[in-house]
Amino acid sequence: MSGTGIAASAARIAVSGGGIAVAGSVPASQSAPQHGSVRHPADPSSEATRRVADRPPAGGGTGGSAGAWIVGRRALLAVAGGLALYGGHPPLDQGWLGVVAVAPLLALARDVGTGPRPGRAGFGWGVVAGLAFFLPLLTWIARFGVVAWVLLGLVEALFVAAFVAVMALWGPRRWRPLAAVVFWVAAEAARSRVPLGGFPWGLLGYTQHGGGLFLPAARTLGVLGVGALLAALAACGEEFLARRPWEGRWLRAIGPGLGAAGVLGVAAVLGVAVPAPAPTGETVDIAAVQGNDIELPPVADRSDLGRVQDVAARMLAAAERLLDDDRPPPEVLVWPENALDADPREVPELAETVAEAQELAGGATLLAGTLLDGPRPGTFRNAIVQYTPDGTVADVYDKRVLVPFGEYVPWRSLLGGLPPLQAIPSDGVPGSGAKVFEIGGAPIGPVTCYESLFPGLVRDQVRAGAQVLVVSTNNASFGRTPASRQHLAFTQLRTVETGRWALHAGISGISAVVAPDGSVSQRTELFTQAVVRADLPLVDGSTPYLRFGDVVGVGSRLLAALAAAWLAVDRRRVRRRWQSS
C-alpha cells in the first residue's frame with residue numbers, strides 16, 4: 001500500500017462509525033439510551049461523555065467478527081502511524097508524512113479510549129506502533145546483532161506507547177489537540193535524555209530536514225519545536241475529522257480548523273520574521289578528505305595497527321586530489337573521525353603520514369580524528385586534534401557524548417563478560433566542555449559524529465564562539481545502510497538552529513557542505529574517495545534558539561507533568577461520580 005493509501009485508510013477509519021467513539025459521539029451500540037443509561041450530550045468535554053471513557057472495566061470482551069474487526073482496525077492504525085513516522089525519514093524521505101504521522105496514533109488512542117482499560121490497551125497498541133517505526137528506521141543496528149536491534153527498537157517504542165496510552169486516558173476531554181502536542185513533545189524530550197543520556201534518533205522534526213514551511217522554525221524553536229508544530233497540525237486535523245463536519249456539524253469543526261490555520265500561520269511567520277543571521281563577510285577555506293573506500297566489518301579491532309595504517313594511507317591518497325586544484329592550498333584540512341585511530345606521537349609511521357598530508361596541503365592546519373590515551377589505564381579519548389603546519393599538537397577536542405555499548409560499556413562489571421560486548425575491551429572517557437579551534441582568525445566548532453544528535457551540545461559550541469561548524473563522522477561500520485543519510489539530516493537541523501555553515505565530513509561518506517537554511521551541496525557517495533572543499537562564510541550573529549535554548553522541551557515536560565496530574569485527579573473524580581450514580 002502506498003503512503004497516500006495508508007494515510008487515507010487511516011483517516012477513514014478514524015472517522016468511521018464502526019465502534020470508534022469520536023468527539024461528541026459514542027459507539028453505535030451506546031447511541032440510544034437503554035435501561036437507564038445516560039444520554040450523552042453533544043459537548044465532547046461533558047462529564048457524561050467522559051464517564052464512558054472513565055467507567056470501570058465491565059469485564060469480558062467483544063468476541064466473534066466484531067472483535068476481529070476491532071483488533072484489525074487498531075492494528076491498521078498502529079502500523080499506519082508507525083510506518084508514516086518511518087517514511088518521513090531517510091531512506092524514504094517523504095517529509096509530508098511527518099505532517100500527518102501523529103494523526104493515526106491519535107485515532108488509535110481515541111479508539112482504545114472507548115473500551116475497558118484504555119491505558120493498558122493504548123500502551124500495548126502503542127508498542128506495536130513504536131516497533132513499526134523504529135525497527136525499520138534502525139535497521140543499521142542489526143549489523144551489530146539482531147538482539148541489539150530489537151532491544152533498542154523496543155526501548156524507543158516505549159515512548160510512543162506512553163504517548164498513545166496517556167492520550168487514550170485523556171479521552172474526549174477538552175483541549176485534546178493541545179494535550180496531544182504537549183505529551184508528544186514531552187515524550188520526544190524524554191527519549192532525548194533517557195536512558196543513558198538519551199537517543200534522539202528519528203525525532204519528528206527531522207522529517208523536515210529537506211526544507212519547506214516548517215524547517216525555518218528551528219531557528220526559534222529547535223528541532224523539538226518543529227516537531228511540536230507538526231504534531232499540532234496533525235492533532236487539529238484528527239480532531240476536525242473526528243467531529244464529522246460533513247454530517248452538518250460544521251460549527252463544531254470550526255475550532256480545529258482555526259487551530260490548524262493558526263499552526264500554519266505561526267510556521268509562516270517564524271520563517272519570515274526570524275531570518276538566519278548575516279555572515280560577517282569573512283570566510284575560511286576548508287577541505288574535508290573522504291578517504292576510506294573499503295567496507296570494513298561492523299566491529300573493527302582498534303589494536304590492529306595494520307588496519308590503522310591502511311586507513312591513514314587511503315586518506316593520504318585521497319588528499320592528493322588537492323594537487324589537481326588550481327586554487328591555493330586550503331587554510332584547514334579535515335581528516336574525519338578515526339582517520340588516524342592512534343596517536344601519531346606514539347606511532348612513527350602515522351607521524352610521517354601526518355607530515356606528508358600537511359606538505360600535500362601546502363602547510364594547512366590539519367584537524368584529524370584520532371584516539372588518544374585516557375586518564376586511566378584501559379581508557380581512551382575520541383579526539384579531534386589540531387596539528388599546526390609543523391606537525392605539533394596545538395589543541396585537542398575530546399568527544400563529550402559517547403555511544404553506549406559502542407564507545408563504552410555501561411555497568412561493565414555486570415555486562416562486560418557478555419560475548420558481544422567483549423569486542424569493546426576499553427571504555428572511552430568523555431571530554432569536559434565546549435572547545436573552539438582558532439585557526440587563522442576563524443573560530444571553528446568541532447562536533448564528533450554522535451554528538452550531532454544533541455542540539456544543546458552544538459549550541460554550546462556556538463555559544464563558546466564557533467562561527468562555523470565541522471561535523472566529523474565515521475559511519476563506516478554501518479555499511480550502505482540509511483544511517484549516513486539520517487546522520488546528515490541531523491547536521492541540517494543543527495545549521496538551521498544555530499545559523500552556522502557546516503562541513504559534514506565523513507571518513508567513508510556521506511560528506512557535504514550544509515548552509516544555514518539546511519540546504520546541502522557537494523554531497524558525496526558512500527565508500528568513494530573524494531575531497532569536499534568550500535569557502536565557508538563566518539557567522540557571529542545569534543538565533544532565538546541560541547539565545548534561549550530548548551524552551552520547547554523544558555516547557556513540554558513541565559506542562560506534561562501538570563496535565564498528567566490533573567488527568568489523574570479528574571479520572572478519579574469522574575469514577576467516584578460514576579460509581580455513586
Side-chain angles (χ1 to χ4, degrees), residues 85-86 89 126-127 130-131 133-135 137-138 140-141 144 148-163 166 182-207 209 218 221-228 230-231 382 398-411 415 424 427-434 447-461 471 473 475 478 483 486-487 489-494 497-498 545 549-561 564:
L85 287 168
Y86 162 68
H89 300 275
V127 169
L131 291 175
F133 171 29
F134 284 107
L135 288 183
L137 184 75
L138 304 177
W140 44 271
I141 291 291
F144 299 88
W149 171 50
V150 173
L151 282 178
L152 180 58
L154 180 59
V155 169
E156 297 303 302
L158 296 179
F159 292 94
V160 177
F163 167 76
V166 74
V182 167
F183 286 122
W184 178 265
V185 179
E188 290 203 323
R191 75 177 183 88
S192 298
R193 292 177 171 266
V194 293
L196 300 173
F199 185 69
W201 204 286
L203 296 180
L204 184 60
Y206 288 127
T207 62
H209 72 93
L221 305 176
V223 65
L224 288 177
V226 175
L230 299 175
N382 188 344
D398 292 328
K399 188 176 182 180
R400 296 161 56 196
V401 179
L402 303 178
V403 182
F405 303 105
E407 292 175 299
Y408 74 99
V409 177
W411 314 295
L415 303 177
I424 311 172
D427 289 332
V429 177
S432 58
V447 178
T448 306
C449 202
Y450 187 62
E451 293 182 325
S452 66
L453 274 76
F454 299 90
L457 183 144
V458 179
R459 175 175 176 261
D460 288 345
Q461 295 291 77
V471 180
T473 75
N475 290 323
F478 306 131
Q486 293 167 4
H487 202 161
F490 307 150
T491 297
Q492 290 176 268
L493 265 293
R494 302 294 86 82
E497 290 167 344
T498 61
Y545 177 78
D550 186 25
V551 294
V552 173
V554 173
S556 69
R557 294 196 297 272
L558 175 61
L559 290 175

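The figures here come from the full heavy-atom set of this structure, side chains too, leaving out hydrogens, waters and symmetry mates.
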### Query
For the residue pair S452 and V447, what are the closest heavy atoms and their distance?
N-CG1, 3.7 Å

### Query
Could you go step by step and tell me if F490 and H487 meet the ring pair (Phe, Tyr, Trp, His ring centres under 6.0 Å) rule?
CA-CA 5 Å; F490 307 150; H487 202 161; 5.8 Å; yes

For residues 192-204, which side-chain N or O atoms pair as donor and acceptor with protein atoms under 3.5 Å away, sequence neighbours left out?
| unit_1 | atom_1 | unit_2 | atom_2 | d |
| --- | --- | --- | --- | --- |
| S192 | OG | E188 | O | 2.8 |
| W201 | NE1 | Q486 | OE1 | 2.7 |

### Query
So, do V223 and R494 sit near enough that their side-chain heavy atoms are less than 4.5 Å apart?
yes

### Task
Output all residues satisfying salt bridge (charged side-chain N to carboxylate O under 4.0 Å, His left out) with R459, sequence neighbours left out; order by chain, then residue number.
none

### Query
What distance do I141 atom CD1 and F405 atom CZ have between them, rounded to the nearest 0.5 Å?
11.5 Å

### Task
Kindly compute the distance separating CG (L137) from NE2 (H89), expressed to the nearest 0.5 Å.
6.0 Å

#### Entry: Steps toward side-chain contact (heavy atoms from CB on, under 4.5 Å) verdict (W149, L138)
CA-CA 7 Å; W149 171 50; L138 304 177; 4.3 Å; yes

### Message
Tell me whether R191 is salt-bridged to E156, with the criterion being a basic N under 4.0 Å from an acidic carboxylate O.
### Response
yes

### Task
Can you measure from NZ (K399) to CG (N382) and round to the nearest 0.5 angstrom?
5.0 Å

### Summary
Heavy-atom nearest pair, L493 first then A218, reads CD1-CB, 3.9 Å

#### Entry: Considering all heavy atoms, the nearest P404-Y450 contact
CD-OH, 4.2 Å

### Task
With side-chain contact (heavy atoms from CB on, under 4.5 Å) as the test, would you mind laying out the steps for L221 and V226 before giving the verdict?
CA-CA 7 Å; L221 305 176; V226 175; 5.9 Å; no

### Query
Atom CZ in F134, atom CG in L154: separation rounded to 0.5 Å?
11.0 Å

#### Entry: Interatomic spacing from CH2 in W184 to CG in L230 - rounded to 0.5 Å
10.5 Å

#### Entry: Which residues share a ring pair (Phe, Tyr, Trp, His ring centres under 6.0 Å) with F478, sequence neighbours left out
W140, F144

### Query
What's the shortest heavy-atom distance between H209 and A489, and which atoms?
CG-CB, 3.6 Å

### Message
Could you walk me through whether N475 and C449 satisfy the side-chain contact (heavy atoms from CB on, under 4.5 Å) test, starting with their C-alpha distance in whole Å, then the side-chain angles of each, then the deciding distance to 0.1 Å, before giving a yes or no?
### Response
CA-CA 8 Å; N475 290 323; C449 202; 4.0 Å; yes

### Query
What pair of heavy atoms forms the shortest contact from V182 to A560, and how long is it?
CG1-N, 3.4 Å

### Task
Any chance you could measure Q461, atom CD, to E451, atom CD, to the nearest 0.5 Å?
7.0 Å

### Query
What heavy-atom pair brings R400 and D460 nearest, and what distance separates the two atoms?
NH2-OD2, 3.2 Å

